[in-house]
Protein chains: 2
Amino acid sequence: MRLTHEKFRELAVKHGLAVTHQRQVVYEAVIASHGHHSPENIHAAVRRHIPSISLATVYNNLRLFIECGMLREVTPHATTVRVDGNLKPHHHLVCSRCKSVQDIEGEFVDFKRLSRHAPDGFDLTQPLIEVFGLCRRCRAKK
Amino acid sequence: MRLTHEKFRELAVKHGLAVTHQRQVVYEAVIASHGHHSPENIHAAVRRHIPSISLATVYNNLRLFIECGMLREVTPHATTVRVDGNLKPHHHLVCSRCKSVQDIEGEFVDFKRLSRHAPDGFDLTQPLIEVFGLCRRCRAKK
DNA sequence: GGTTGTTTTATAATCATTCTCATCCGATAA
DNA sequence: TTATCGGATGAGAATGATTATAAAACAACC
């Protein structure tokens, strides 16, 4: 774990974050977990090292790490359900910052290649593709 | 609105749903809204026709519609945040049913074509692609 | 080592969503 | 028409994830 240790200090300094013990352990827990985990999961893992750590601290730090690009959010959608009555095949362009969704048409996915890379048994008969980026407005702001 | 009226009755019968006034109005509100709206939004729209309708009824019926494929869910992710420490460029394969996420590599997107179809100003410099489908386990169940 | 501003903690608050259950409604049988 | 039955609805409570608050602890800089 020495490597992640160093890596964390480096990243934190680079992004102007104070290096605290909690942050270090939260970051290492995410890296060590090798998957797509919830704050609750990470909290459980971190508690094995710091039993007293608060769930709020985990949330706060995960959010910070995501904001400065040290981690990626796997669920960069709006926090409420959105519903779409358009059943014609089409894809979505989602803004990672403001969560706005626009429809996008056009053939830009090679489905043959895609299913060759997909794990066996994954059903791609009616795939929905979502492409995340920054919408014009949010791009201008930052 | 006569057309959606008919269409709804047809769809409801096809999927074995009772045709109620509330359902009809909820469905029509989604279709008429032409976008990606939250249950709260839909509720507000429906209230203009049925002031006494409950938010729970809107939720119930939206869920039913989604389950039988009359509507599409735009946020088919897990309901909690998930975090990913892997910063190498890679994409995700998400199961629409159980929300599990797997990494997928490989060049299956034509980015040139994609950005040609994207609206002006949309920033695709570090795009994340999510492909929704059914994982092997969920496919077997259904 | 002291000061200052940030971070952590515990807890309360908020927000979206689901649950509960009493009531209602519509279809069918009598 | 009336009685019955099962599913649908409505009001509000319950749940679960996340965020806000404010006091105590800490890291960074001098």
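The basis for the numbers below is simple: all heavy atoms, side chains too, and nothing from hydrogens, waters or symmetry mates. By convention in this document, chain letters (A, B, ...) are assigned in the order of the sequence lines, proteins followed by strands, and residues within each chain are numbered from 1.
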Rounded interatomic separation in angstrom, taking CG from A:Asn61 and C1' from C:dT7: 8 Å
Separation of C:dT7 C1' from A:Ile53 CD1 (nearest whole Å): 11 Å
Between A:Asp84 and A:His92: side-chain donor-acceptor atoms closer than 3.5 Å: yes
Euclidean distance, atom CD1 of residue B:Ile42 to atom P of C:dT17 [Å, nearest integer]: 12 Å
Sugar-phosphate, base or nothing in reach of B:Ser52, heavy atoms under 4.0 Å: sugar-phosphate
Sugar-phosphate only, base, or nothing, as touched by B:Thr20 at under 4.0 Å among non-hydrogen atoms: sugar-phosphate
Rounded distance in Å - CZ (A:Phe65) to P (C:dT7): 11 Å
Ring centres under 6.0 angstrom apart (A:His77, A:Phe132): yes
Over all atoms of both residues, closest heavy-atom pair of A:Leu71 and B:Gly85: CD2-CA, 3.7 Å
Closest to side chain of A:Arg23, choosing from C:dT17, C:dT8, C:dT18: C:dT8
Boundaries of the chain B footprint along DNA chain D (any atom under 4.0 Å from a heavy atom): D:dA8 to D:dT18
Any side-chain donor near an acceptor of the partner, A:Glu105 and B:His117, under 3.5 Å: no
Earlier contact from the 5' end, DNA chain D, for B:Val81 and B:Gln22: B:Gln22
Protein-nucleotide distance (A:Arg47, atom CZ; C:dA10, atom C1'), rounded to Å: 13 Å
Spacing between A:Leu17 atom CG and C:dT8 atom C1', to the nearest angstrom: 15 Å
Distance in angstrom units between A:His43 NE2 and C:dT8 P, rounded: 13 Å
Those residues that, when tested against A:His91, pass side chain to side chain donor-acceptor pair (under 3.5 Å) (two or more places apart): none
Modelled atom types, side-chain donor and acceptor of B:Asn60 and B:Thr57, under 3.5 Å: no
C:dA16 phosphate, OP1 or OP2, under 4.0 Å from B:Thr79 side-chain N/O: no
Side chains of A:His36 and B:Asp103, donor plus acceptor under 3.5 Å: yes
Distance, rounded to the nearest Å, where A:Tyr59 contributes OH and C:dA10 contributes P: 17 Å
